[in-house]
Amino acid sequence: MSEQRSLRWGVLGPGRIAANVAKDFGNVARGEIVAVGSRDLDRAAAFAAEHAPAARAHGSYAELLADDGVDAVYIATPHAQHARHASAAIAAGKAVLVEKSFTATYDAAELVVNAAREAGTFAMEAMWTRFQPAVVRLREVIADGAIGEVRAVTADLGVRRPYDPADRLFDLALGGGALLDLGVYVVSFAQMVLGHPRSVSALGSLAPSGVDAEAGLLVDFGHGRTATLQTSFRSPSPGNARIYGTDGWIDVPPRFHHPDRFVLHRAGHDPVTEVHPPRGAGYAHEFDEVADCIEGNRTESAVMSLADTLVVQRVLQDAADQLGVALRDEPVDPIDPLTKAHR
Ligand SMILES: NC(=O)c1ccc[n+]([C@@H]2O[C@H](COP(=O)([O-])OP(=O)(O)OC[C@H]3O[C@@H](n4cnc5c(N)ncnc54)[C@H](OP(=O)(O)O)[C@@H]3O)[C@@H](O)[C@H]2O)c1
């Protein structure tokens, strides 16, 4: 890709998040939406007309993946469909940016990661938090030793969602549950600063459909380092995160998963607030990361690595197992994923 050329994106699954992202695409430095693929041609056409009038509308995902004018595919379907759709896109030679949670189960995440690595194709989880300027700066501050050695993280993310079996968030077949929708943010945030966890202990409750409705997680990062995390569909919560070090702590005020600031507290010093707002709504940064990686011939992001994605999925899987949630993904057809991917 030359310096002037913008990455040509196809949107797969033009639903709620895809619309929010598309509205924000003017803030992407080197990328444009050139195609939209839906299971329904009219939906693809309506999405294109509203958000990217020059984009080609495709009435199946298979047609989108066969579009030679698409370099990279933004997978924005429900979690349990990600493995199927990402695998098909990788088989079609497309780079993939896969919405969080990367997949429903750990095994499916590993399958997608292996497929991307074997094909030498770029893949990344769309964990937009890691690319927010405030979070990028926060990591620098920690690396510079501002709070000493990081010992612990606390974080919460909760929303009150009345039970509705028709909503994907309560449907096991679509990867429903608070863990995969919101818990992924608290786990990924803790993993970002504490590294590779050893184990998780989870307590919580289930919704009538069998998805998790709320959970408290205590994650062991070894040598006494811990993360205490909370997520819920039953109760709203502010969305705070706090990172504790041996010389102080950092508060990330609500909502920590797309913050514009953090507050550094050090013993003997006044608190220091640093403000680093995102461009637009904050989705553009992760799309620029994909363009930068592809331009630099890198098949993985160092900021949101596939190794980190797998570690996070392991925690989510183990927590779901302990809660009694039978996570599952739509099966991936290893023989002909492309033509089967139109469902
Ligand atoms: N980064 C963020 O801030 C953020 C925010 C919200 C959601 N997300 C993530 O983005 C993904 C999509 O979430 P969403 O709220 O946008 O979902 P959604 O609107 O319910 O669904 C997205 C689209 O997926 C397609 N789809 C494919 N198979 C489907 C199936 N079996 N059932 C239902 N829809 C299916 C549909 O498009 P067509 O039928 O037109 O093809 C649908 O419009 C999730 O993984 C979610 O966690 C991220």
Side-chain angles (χ1 to χ4, degrees), residues 10-24 35-48 50-51 57-65 73-86 88-89 96-105 108-109 112 124-132 135 157 159 161 164-185 187-189 211 231 233 239 255-259 278 280-287 289 304 309 312-313 316 327-331 340-343:
V11 172
L12 191 154
R16 284 172 288 193
I17 185 59
N20 289 340
V21 163
K23 282 189 192 92
D24 208 27
V36 180
S38 164
R39 296 173 298 178
D40 178 283
L41 181 58
D42 289 345
R43 276 204 298 277
F47 186 95
E50 186 173 355
H51 302 293
H58 295 294
S60 76
Y61 300 152
E63 285 168 47
L64 173 73
L65 299 185
V73 178
Y74 170 52
I75 310 278
T77 48
H79 326 303
Q81 277 63 41
H82 291 174
R84 180 184 180 86
H85 298 146
V96 290
L97 177 65
V98 183
E99 260 307 342
K100 44 59 58 180
S101 290
F102 193 67
T103 53
T105 65
V112 174
M124 188 179 96
E125 179 183 1
M127 177 45 76
W128 62 316
T129 305
R130 294 200 182 192
F131 303 96
Q132 302 305 301
V135 174
L157 200 55
V159 176
R161 289 199 186 278
D164 175 2
D167 188 326
R168 79 163 170 85
L169 294 172
F170 293 97
D171 186 345
L172 257 183
L174 297 179
L179 269 178
L180 294 179
D181 195 58
L182 302 174
V184 63
Y185 283 115
V187 173
S188 188
F189 190 85
V211 305
T231 188
F233 279 167
R255 286 172 85 85
F256 80 86
H257 66 302
H258 55 113
Y283 297 111
H285 304 284
E286 61 186 358
F287 285 85
E289 170 75 357
M304 186 65 250
T309 288
V312 169
Q313 290 286 154
L316 296 170
L327 295 180
R328 59 177 184 265
D329 295 88
E330 201 168 272
K340 296 272 174 65
H342 65 282
R343 287 203 289 128

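Computed from heavy atoms alone, side chains included, the values below leave out hydrogens, waters and symmetry copies. Along the sequence shown, residues carry numbers from 1. Counting convention: from 1, in listed order, for ligands and their atoms alike. Just so you know, these numbers come straight off a predicted model, no measurement behind them.
One option in Val11, Thr77, Asp40, Asp171 has a heavy atom closer to atom 44 (C) of ligand 1 than any other, and that option is Thr77. Relative to atom 47 (O) of ligand 1, the option among Arg43, Lys100, Glu99 with the closest non-hydrogen atom is Lys100. Residue Arg168 holds the heavy atom nearest to atom 13 (O) of ligand 1 of all those in Arg16, Met127, Arg168.
Looking at Glu289, its side chain never comes within 3.5 Å of a backbone N or O of His285 through a donor-acceptor pair.
Under 4.0 Å from ligand 1, not a single heavy atom of Ala173 appears.
Applying the 4.0 Å criterion to heavy atoms of Pro78 picks out, from ligand 1, the atoms 24 (O), 26 (N), 29 (C), 33 (C), 34 (N), 35 (C). Residue contact check: Tyr185 has heavy atoms under 4.0 Å from atoms 1 (N), 2 (C), 3 (O) of ligand 1. Those atoms of ligand 1 with a heavy atom of Leu174 less than 4.0 angstrom away are 30 (C), 31 (N), 32 (N). Distances below 4.0 Å separate heavy atoms of Tyr283 from the following atoms of ligand 1: 3 (O). For ligand 1, the atoms closer than 4.0 angstrom to any heavy atom of Tyr61 are 25 (C), 26 (N), 27 (C), 37 (O), 38 (P), 41 (O). The atoms of ligand 1 that sit less than 4.0 Å from any heavy atom of Trp128 are 1 (N), 2 (C), 3 (O). Numbered from 1 in the order shown, with element, the atoms of ligand 1 that lie under 4.0 Å from a heavy atom of His82 read 45 (O).
Annotation: the span from Tyr185 atom OH to Leu179 atom CG amounts to 14.5 Å, rounded to 0.5 Å. Atom CZ of residue Arg84 and atom OH of residue Tyr61 lie 10.5 Å apart, to the nearest 0.5 angstrom.
Ion pairing between a basic and an acidic side chain is recognised when a charged N comes within 4.0 Å of a carboxylate O; Glu125 and Lys100 show no such pairing.
Ring planes of Phe189 and Phe256: perpendicular class, angle over 60° (limits at 30 and 60°). Ring-plane geometry between His79 and His82 is classed as perpendicular, the angle between the planes exceeding 60 degrees on a 0 to 90 degree scale with a lower cut at 30.
Contact annotation: the side chain of Pro278 never approaches that of His258 to less than 4.5 Å [non-hydrogen atoms, C-beta and beyond].
For the 3.5 Å distance criterion, the side chains of His85 and Thr77 qualify, holding a donor opposite an acceptor. Checking Thr103 against Asp329 by side-chain atom types alone, no donor-acceptor pair falls below 3.5 Å.
Any N or O atom pair closer than 3.5 Å counts here, and Ile17 shares at least one such pair with ligand 1. Taking distance alone, with nitrogen or oxygen atoms compared against 3.5 Å, Ser38 approaches ligand 1 more closely than that limit. Below 3.5 Å of separation, one finds no N or O of Glu330 facing any N or O of ligand 1.
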